[in-house]
**Student:** 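Encoded as structure tokens, here's the structure I'll be asking about.
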Amino acid sequence: MPELVEVRTEGMVLNMGPQHPSTHGVLRLLLRLDGEVIKSCTPVIGYLHRGMEKLAEHRTYVQYPAIIDRFEYLTAMFTGVLYAMCAERIAGIEVPPRAIWMRTLMLELNRIASHLFWLGTYLLDLGANGLLFYAMRDRELILNLFEEVCGARLLYSYACVGGVRFDNPPSFERHVREFLKIFLDRIRDYESIVTENPVFLERVQEVGCYSPELALQYAVSGPPLRSTGIRKDLRKDQPYLAYDQVDFAVPIGTKGDTLDRYLLRMAEMRESLKIVEQCLDRLPDGNIRVKLPNVVKIPAGEAYLALESPRGEVGAYMVANGTDKCYRLKLRCPSFNHVQFLPVILLGERISDVMAIFGSLDVILPEVDR
Amino acid sequence: MSTELSLTGTLLAKAVKEHELPLGEVRADAAGSPIYEVSPDQLRAVGCQLRDRLGLHYLSCLTTLEWPERWEMVYHLYDLARKGNLILKASIPKEQAVFPTVTDIWPAANWYERECYDMFGVTFEGHPQLCRILLSDDWQSFPLRKDHPMDLEGGY
């Protein structure tokens with residue numbers, strides 16, 4: 001009788017990244033595997049650390065908006081507006097109504113652009129190359145609109161303390177309305193390409209589920225939180241800018257799986273279109289910024305403000321001390337929490353699903369590393 | 001400049017009062033959120049009560065402030081029901097630089113505390129894995145300290 005030999009398999013450590021096409025920046029995931037199943041995951045971050053919080057202490061309120069755009073370059077409008085809003089809130093500066101509505105308009109256009117970028121690259125992560133080109137084509141339309149206003153396509157330096165830096169050119173409204181008309185059809189195109197695609201559905205359904213309680217513990221926000229059925233949207237909960245005066249819905253998911261997060265973002269794009277249209281209809285005339293002295297000084301005080309960015313709650317905690325630079329600026333970014341959350345939800349999943357799950361959180365690494 | 005409590009801030013302050021939590025006087029920040037000072041010894045006990053009795057499960061933000069004579073930890077807690085922030089602050093003298101961890105109360109604090117250690121050199125007692133997070137493991141200095149130079153030419 002042959003001797004019985006115990007067959008053992010050993011775990012394997014796999015380094016995913018730092019240079020990996022699907023990590024949207026530079027992220028390293030240390031995965032411990034048992035066969036295909038993930039036993040543990042350790043994210044290693046910091047490859048893109050640029051010391052933005054230190055820079056904030058050494059640059060004036062006029063200089064820093066140009067830097068904060070680089071904090072999160074896919075939603076540069078959001079971070080710029082956030083910084084300006086913090087300073088305005090501490091100093092008690094009233095922003096003219098036109099600037100408030102223009103900021104709202106730009107934020108929503110930026111949200112669509114960011115979701116489009118996510119859509120294209122996410123499908124790319126899953127192996128569907130074609131949609132990227134459609135998504136980029138349509139994102140281009142929004143970037144053209146931004147270029148028309150600010151002259152920049154990615155890093156706008158649009159908001160400044162006291163308002164916005166550029167007024168709309170006369171043709172802007174017509175171009176935005178054209179975009180709205182085109183884009184509604186384009187969303188239907190995406191839905192027929194993606195949402196009804198059985199290969200895609202097979203890939204994302206019931207993948208990467210987590211409970212709302214778990215998500216709250218890790219302070220997950222944005223679509224990853226709303227996909228679990230929690231209606232937390234700062235635009236509704238703590239209305240800022242003109243969001244209390246526009247009509248829009250906050251879509252939520254039910255299962256908290258990857259498909260829900262995809263559907264949510266598609267629904268959000270439709271809602272953003274509604275907001276953009278209302279902003280255009282109601283855009284008041286008047287000044288685009290208040291007149292401030294050349295050296296902007298903010299009195300001593302502190303404020304934590306947060307906006308609902310396409311990725312979640314992006315917040316800034318500003319402590320001012322009466323000089324022309326802030327004493328401390330802490331940037332709270334949703335992706336930081338989402339990467340922290342990743343090991344929890346990857347546990348027990350298969351390696352082929354890592355990128356499907358990670359991509360669905362819409363993490364962007366420059367924001368994590370600051 | 002608003003230093004009054006906002007509507008949600010007032011609701012939160014009222015809830016704190018009703019539950020008789022051991023928190024002192026309330027102040028308001030410029031956004032109208034209530035700020036409470038708490039001593040570091042009581043921080044964990046107060047944190048547990050805020051979470052379990054007031055339902056503040058959501059830690060939005062956690063950071064350190066450096067003042068000339070003390071370190072100050074700032075905890076921004078979000079209330080999902082009342083839709084407002086509550087701010088907890090704890091201070092210790094400069095030479096101590098040790099806070100109790102809140103990672104077991106709010107798991108989200110884990111990386112935030114690591115970042116505070118990374119940037120300020122403040123340590124957290126009981127933290128499961130206190131090591132550098134954004135900077136490389138062999139980095140020597142704590143760059144967000146006020147006496148840290150902006151450029152590295154002076155050496156770090």
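Residue numbering restarts at 1 for every chain, and letters A, B, ... go by the order of the sequence lines. Remember, predicted model here, so these are calculated numbers, not experimental data.
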**Student:** So that I can tick it off, tell me whether B/R44 and B/D104 are bridged by a salt bridge, with the cut-off set at under 4.0 angstrom between side-chain N and carboxylate O.
**Tutor:**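 Here B/D104 pairs with B/R44 in a salt bridge, since their nearest N and O are under 4.0 Å apart.
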**Student:** Strictly by modelled atom types, are A/S309 and A/E72 linked by a side-chain donor-acceptor pair under 3.5 Å?
**Tutor:**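 Side chains of A/S309 and A/E72: no pair found under 3.5 Å.
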**Student:** Sort A/K232 into side chain, backbone, both or neither according to what part of it lies under 4.5 angstrom from a heavy atom of chain B.
**Tutor:**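 Interface part for A/K232: side chain.
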**Student:** Considering the options B/T63, B/D118, B/V102, B/V122, which one meets the side chain to side chain contact (heavy atoms under 4.5 Å, CB included) requirement together with B/E113?
**Tutor:**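 Of the listed options, the one satisfying the test is B/V102.
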**Student:** For B/S6 and B/G32, indicate whether the former's side chain and the latter's backbone hold a donor-acceptor pair under 3.5 Å.
**Tutor:**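 Confirmed, B/S6 side chain pairs with B/G32 backbone.
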**Student:** Examine distances only and state if a side-chain atom of B/Y58 and a backbone atom of A/V220 form a donor-acceptor pair shorter than 3.5 Å.
**Tutor:**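 Pair found, side chain donor or acceptor close to backbone of A/V220.
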**Student:** Please rank A/R328, A/E53, A/R370 by heavy-atom pairs under 4.5 Å with chain B and give me the top one.
**Tutor:**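 Among A/R328, A/E53, A/R370, the one with the most close pairs to chain B is A/R328.
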**Student:** Between B/W111 and A/F341, is the gap from one ring center to the other below 6.0 Å?
**Tutor:**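 Ring centres of A/F341 and B/W111 not closer than 6.0 Å.
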**Student:** Against chain B, work out which of A/V344, A/L55, A/L216, A/I93 has the most heavy-atom pairs shorter than 4.5 Å and name it.
**Tutor:**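 Sorted descending by pairs with chain B, the first entry is A/L216.
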**Student:** Would you say B/E72's side chain and B/E66's backbone share a donor-acceptor pair under 3.5 angstrom?
**Tutor:**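 Absent.
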**Student:** Would you mind checking which part of B/S136 comes under 4.5 Å of any heavy atom in chain A, side chain (CB onward), backbone (N, CA, C, O), both or neither?
**Tutor:**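 Contact with chain A involves no heavy atom of B/S136 at all.
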**Student:** Sort B/N110 into side chain, backbone, both or neither according to what part of it lies under 4.5 angstrom from a heavy atom of chain A.
**Tutor:**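 Interface part for B/N110: both.
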**Student:** Can you say whether B/I105 sits under 4.5 Å from chain A via the side chain, the backbone, both, or neither, judging by heavy atoms?
**Tutor:**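 Contact with chain A involves no heavy atom of B/I105 at all.
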**Student:** Would you indicate whether the side-chain heavy atoms of A/S227 and A/Y210 approach each other to under 4.5 Å?
**Tutor:**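 They are in contact (side-chain heavy atoms under 4.5 Å apart), so the answer is yes.
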**Student:** Please flag which part of A/I230 lies under 4.5 Å from any non-hydrogen atom of chain B: side chain, backbone, both or neither.
**Tutor:**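 A/I230 touches chain B through side-chain heavy atoms alone.
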**Student:** Would the distance check show the side chain of A/S221 and the main-chain N or O of A/G312 forming a donor-acceptor pair, the cut-off being under 3.5 Å?
**Tutor:**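 A pair under 3.5 Å: no.
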**Student:** Which bit of B/S33 is near chain A, if near means a heavy-atom gap under 4.5 Å: side chain, backbone, both or neither?
**Tutor:**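 Neither the backbone nor the side chain of B/S33 comes within 4.5 Å of chain A.
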**Student:** Heavy-atom distance under 4.5 Å to chain A: side chain of B/R145, backbone, both or neither?
**Tutor:**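 Backbone only.
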**Student:** Using non-hydrogen atoms only, which part of B/L135 is less than 4.5 Å away from chain A: side chain, backbone, both, or neither?
**Tutor:**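 B/L135 touches chain A through side-chain heavy atoms alone.
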**Student:** Using only atom types and a distance under 3.5 Å, with no angle test, would you say the side chain of A/R59 pairs donor to acceptor with the backbone of A/K325?
**Tutor:**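 No; judged by distance alone, with no hydrogens or angles, the pair does not exist.
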**Student:** When the aromatic ring centroids of B/H148 and B/F142 are compared, is their separation below 6.0 Å?
**Tutor:**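 No, too far apart.
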**Student:** Strictly under 6.0 Å, is that where the ring centroids of B/Y117 and B/F120 end up?
**Tutor:**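 No - the distance between ring centres of B/Y117 and B/F120 does not fall below the 6.0 Å cut-off.
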**Student:** Name the region of B/Y112, side chain, backbone, both or neither, that has any atom closer than 4.5 Å to a heavy atom of chain A.
**Tutor:**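 Both parts, heavy atoms under 4.5 Å.
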**Student:** Is chain B contacted by the side chain of A/L305, its backbone, both, or neither, given a heavy-atom distance below 4.5 Å?
**Tutor:**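 Just its side chain gets close to chain B.
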**Student:** Given the options B/I35, B/I87, B/V74, which has more heavy-atom pairs under 4.5 Å with chain A than any of the others?
**Tutor:**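 That would be B/V74.
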**Student:** A/L234 versus chain B, heavy atoms under 4.5 Å apart: side chain, backbone, both or neither?
**Tutor:**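 Answer is side chain: those atoms of A/L234 sit under 4.5 Å from chain B.
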**Student:** For A/Y317, is it the side chain, the backbone, both or neither that has a heavy atom under 4.5 Å from a heavy atom of chain B?
**Tutor:**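 The side chain, not the backbone.
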**Student:** Relative to chain B, which segment of A/Q217 carries a heavy atom at a distance below 4.5 Å: side chain, backbone, both, or neither?
**Tutor:**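 For A/Q217, the contact with chain B is made by backbone and side chain together.
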**Student:** Does any backbone or side-chain atom of A/E213 lie under 4.5 Å from a heavy atom of chain B? Answer side chain, backbone, both or neither.
**Tutor:**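 Neither part; nothing is under 4.5 Å.
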**Student:** Less than 4.5 Å to any heavy atom of chain B: does that hold for the side chain of A/Q340, its backbone, both, or neither?
**Tutor:**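 Both parts, heavy atoms under 4.5 Å.
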**Student:** B/P107 versus chain A, heavy atoms under 4.5 Å apart: side chain, backbone, both or neither?
**Tutor:**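 When you check distances to chain A, atoms from both the backbone and side chain of B/P107 fall under 4.5 Å.
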**Student:** Sort B/L80 into side chain, backbone, both or neither according to what part of it lies under 4.5 angstrom from a heavy atom of chain A.
**Tutor:**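 Side chain only.
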